Amino acid sequence: MSHNAESTAFRSALEVIRAVEPRVADAIGAELTDQRESLKLIASENYASPATLLAMGNWFSDKYAEGTVGRRFYAGCQNVDTVEALAAEHARELFGAAHAYVQPHSGIDANLVAFWAVLADRVESPALKKAQVRQVNDLTEADWFALRRELGNQRMLGMSLDAGGHLTHGFRPNISGKMFDQRSYGTDPVTGLIDYDRVAEAAREFKPLILVGGYSAYPRKVNFRILREIADSVGATFMVDMAHFAGLVAGKVFTGDFDPVPHAHIVTTTTHKSLRGPRGGMVLCQPELADQVDRGCPMVLGGPLPHVMAAKAVALAEARRPDFADYAQRIVDNSQALAEGLLRRGATLVTGGTDNHLVLIDVSGYGLTGRQAEQALLDSGIVTNRNSVPQDPNGAWYTSGIRIGTPALTTRGLGTAEMDQTAELIHTVLTQTTAGANADGTPSKAKYTLDADLADKIAQQATDLLAPHPLYPGIDLA
Ligand code: DSN
């Protein structure tokens, strides 16, 4: 697509929107400006391609399509079938998966689909078989009551939240924690790495129905072959949530033992993080779980979003191109350059470095909470998010960490030299920020001071760093 075509497409779209509600058109334009001007280091964000963005803004949005390809509860779904089948085919080919379900609207949705598929396969189906009935409506009241109790009495073992696991891996504030009896495996207190012997021991003691691998704030590779062996040794279903690192799997940076797809019974992901697609989710699974996974809607999902499935098909087609592997490798090269730059300047990193797209700085070394550090960096034009570190004394709200990731800046074309300069900017802000005090003189976890001129100077340096790498260079809205 030529640069002119991209500009024309987005300008025309904004003109049409402006005629109805100019404030929305203005906000869309302002969002592009903000994204262009920020040094975006949020590990879970990226910039989708113009083709992916355009595939989402159209009349597919108007179509209901409950059901699956060729088997819908609504008439007239032939074009939805085309895009859903394409997205699933690209996903299967890209990841070497037996089955792909591309309807989930988000990572949480994908995880819910996966949990209920496993519960249906491991708990509900045997109960139906035992009662010699085809479906739950045919159960007696007593059998249905017993099955419901059994469904609500299953166990899950996942990585603890402060070690980098995700809220949806069985934590109480989330529905997954209310559905499952959950226990966590953490990381080694000295190295910060997953201790597979401890995971095996926890699995032997707890005997989970589901062993969950995957993370949202762990900066290392995970050996999925070993986790599968642990799952098998206790009869657990092995599920991996690869939302954060799906792009590294797609780009063949994580292969062999580090690629979850050949090892897990079921894999969930989002499509918008390192994979660089539209906001959404997806489930990949072994053939024996396919039928249950395909029941995701209406089991736990509202109607599929055909416009987003169209965009998933476009983004997955992009990820199958050879240049995506180069992009994925550059994400990791950049992350490692950022980590090395920070370490060289004296920062403390959880696990002492990174193998993937993210770096977790323990900002207690700078005398700050995560919240203070996040705000001071934001004042300086650097967008990050605060995150717990293992055994975090400041809890999940204030935290002691800053999570930074490179998928977005790598999409813009920044390289390892610029990552070193980014490390310098981050380190300067954090060393120049001072934790504040409450009115009664006690240390505050939120207040801080940072010289405004210094913040402005850093923000200008961040802008200068971005200038040679314009975001969406083909789009000119002026
Ligand atoms: N919100 C995503 C993240 O930032 O990691 C996952 O929930």
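All values below were derived from every heavy atom in this structure, side-chain atoms included, with hydrogens, water molecules and symmetry-related copies excluded. We count ligands from 1, going down the list as the structure has it; atoms in each ligand are counted the same way. In this text the structure is predicted, and so the values were computed from the model without any measurement.
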Legend entry - Salt-bridge criterion met for E340 and R344 (N-O under 4.0 Å): no

Legend entry - Every residue of the protein that comes under 4.0 Å of ligand 1, judged on heavy atoms: S44, H166, S216, H244, K273, R403

Legend entry - Check: H427 ring centroid to Y366 ring centroid under 6.0 Å: yes

Legend entry - Lys/Arg N to Asp/Glu carboxylate O, E424 vs R345, below 4.0 Å: yes

Legend entry - Pair E45 + K273, salt bridge at N-O below 4.0 Å: no

Inset, instruction - Among T351, I404, D355, find the one that has a side chain to side chain contact (heavy atoms under 4.5 Å, CB included) with P219. - result: T351

Inset, instruction - Report the C-alpha separation of F180 and R155 in whole Å, then their side-chain angles, then the decisive distance to 0.1 Å, and conclude whether the side-chain contact (heavy atoms from CB on, under 4.5 Å) test is met. - result: CA-CA 5 Å; F180 287 99; R155 294 175 172 181; over 6 Å; no

